[in-house]
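Reading through the structure tokens given below for one structure.
Sequence lines set the chain letters: A, B, ... in the order given, protein chains first and strands last, and positions in each chain run from 1.
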Amino acid sequence: MRSYTGKLIRINLSQGKSQIEDVPEALMKSFLGGRGMAAKYLYDELKPGVEPLGGDNKLIFMMGPLGATTAMSVSRMALVTKSPLTGTIAKSIMGGNFGAYLKFAGFDGIIVEGKAEKPTYIHIDKDGIHILDAGELWGLDTQQTHAKLRESHGKNTQVACIGPAGEKLVRYGIVISDRRCGGRTGVGTVMGAKKLKAIAVNSTGPLSLYDAEGFKKIAQGIIAELKTSPRRIKMSDFGTSYLTLGFEKMGIFPVKNFQEGHLEDVEKIGEEEFAKIKTKNDGCYGCMTKCGQVRQVTEGEYAGAVSEGPDYETIWSLGGNLANTELASLIAADSLCDKLGLDTVSAGNSIGFACELFQRGIITKKDTDGLELKWGDHGTMMKLVEKIAQREGFGQLLGEGTRRAAEKIGKGAEDYAMQVKGLELPAYEPRAVKGYGLIFATSNIGANHMYGRPREDLAGTTDRFADEGKGKDIARAQIGQAVEDSVIQCSFGPVTGLNPESRSQILVAATGFEEFGDPAYLNQIGERILCLERSFNVREGFNRKDDTLPKRMLTEPLENAGPATGQVFRKLDTLLDEYYDALGYTRQGIPSAEKLKQLGLE
Amino acid sequence: MSARVKLPPILQELSGGIEAPEVSGNTIGECLNNLEGQFPGIKEYLFDRRGRLLRIFGIYLNSDGLNPVELDTPVRENDEIVILNFLMGG
């Protein structure tokens, strides 16, 4: 018995049919799980040039081999599809409980194909897989959808759903399960295009392990060590909000659409202020840290707003990026985005883009439905979030993402679109951490902070401002992330307690696959996944020209950013060459025939 | 009292690469404040604008404790104050 269930559900919404398939053992051994296995299915089954919002695109939900076990923080779920925002392969990792319960129901994943004629949801229980009418759910926000489905199927029902933004095809719609999101790259938009409102699971069975006793011993050892870990405790106490003040000091926290690196009154949105209105912790299945910070606004114009968040990314996107230090508005806007089903990073980035265009006179009140866009104006931010999600007026344009919006606006607007391959940049100033810049430029899903971390640059063991010498580190970081996303383990290292050795040991105990006992074998899987994702993009016409950064990063020295002031990307081409060389790609950014053969991808 | 402060690599950007400078002070807070005399500007990156230690850092004494210590912890002669960097992506 292995921790994989060995089964997946394939649902064709055009035909209204579902079937259960075996997951080949060779696939598990070559791609591990989660992101890796899903990418392989997508690569094999999707023809090049498929329209992301058409019926031929597929949306894949996939669990990892440790999911639903008692190990710490390993029950996250990968969502993989072709992105409506970028046209590249898309991946987003969702926390919460949904994935664990899908495994308890007996499935490693779900492949959703086709397009329903009318709003639909899927219910999975001991009696089978049911494709049901979602007419009553369509138009509801994500919390209402959870409540309705629990009313229909019981309070223990686990739900993954979209909000109005996904239904209306805002290009950065999310999939959300309780308050944990598959947030980036428009995975929720693909679900909306398929007219699939939700998937609900009522689980029945236990999970098997290859070596249950051995597994328990390793898992309990890790948990015992983690209990006193200061880093883990810090995550439990503050979540990622503790990063804001530190990143701002170091010039890493972008302000006003990446125009500078200093935020006046940043302390107002520091972790101490958020902690004052924290009511409890929440988190994912099998995690004792529960890094989610549930906070409630008790007074003022946003009184009553409750959110599990915002996390660092959203504190930036709706806060610092817009020069907004009104903390209560961040709780309210975070909650609103979750309810409406919007990616907070792309939403905040798009609003920042609009604010800068307004600042420069490229757009005026005539273009914005009469709204005056000003930095720090949280009231207007709230209005824009609503407009984007409902695709109303100016919000229709911003819901297309910054790249498409800039193309439509013209007048040089593209210079202020902070995106790579169409995906909006997250909360890190590339000029202040060049490793992040290289990750964003080369990421196969566009600019995303979850496509590898420049650990050496952040620790300071490498010079974060250096213009050369980062290619190998970044290639290694992206390979490591691919493994993490396929296990699937939480990417906050201090939370899982896993290191390469203990991860290998626990994988063997769970699966019985001795190959996993060698960390180098897992790294090769990571490299294979990265190469496969790049091959997917190459097939779609992507190459070196797309591995770039916004013009601002390449031409404008960073202003007012403490020790990072004056930094600019001087040698992106050199860094790209190093990165391609490290991975065995041609200088056009295409995997070489030799590399494909070495990884078994020929 | 005199102690060494082991700086994390990211703070060595501000110490000219010096890894463990010697400083005087009766408490950890005093020692950290006194770093400023040797490396003007370093305090700016250790404390927020309200004077609190940034939570991206953890302070440990003599590398022998599992738990971080507070700024008012007394320092003994030849102690080593270790600053760990908790910066990571969010």
Ion pair check, Glu271(A) and Arg52(B), cut-off under 4.0 Å: no

Glu225(A) atom CD, neighbour heavy-atom count above 12 within 6.0 Å: no

Which atom of Phe86(B) lies closest to which atom of Tyr242(A), heavy atoms considered: O-OH, 2.9 Å

Interface moiety of Asp237(A) toward chain B, non-hydrogen atoms closer than 4.5 Å: neither

Salt-bridge present (Glu13(B), Arg464(A); N to O < 4.0 Å): yes

Interchain contact, Asp463(A) with chain B, by part (heavy-atom threshold 4.5 Å): neither

Chain B contact residues among residues 560-567 of chain A, heavy-atom distance under 4.5 Å: Gly562(A), Pro563(A)

Atom CZ of Arg76(B) with >12 non-hydrogen neighbours under 6.0 angstrom: no

Heavy-atom proximity to chain B below 4.5 Å, by part of Val433(A): neither

Closest heavy-atom pair and its distance - Thr461(A), Pro9(B): N-CB, 3.7 Å

Segment of Glu44(B) engaging chain A (4.5 angstrom heavy-atom cut-off): both

Straight-line distance of Thr244(A) OG1 to Ile56(B) CD1, nearest 0.5 Å: 10.5 Å

Flag if over 12 foreign heavy atoms under 6.0 Å of CD, Glu77(B): yes

Leu46(B) CG to Lys249(A) NZ distance, which is reported to the nearest 0.5 Å: 9.0 Å

Contacting region of Ile10(B) [heavy-atom separation from chain A under 4.5 Å]: both

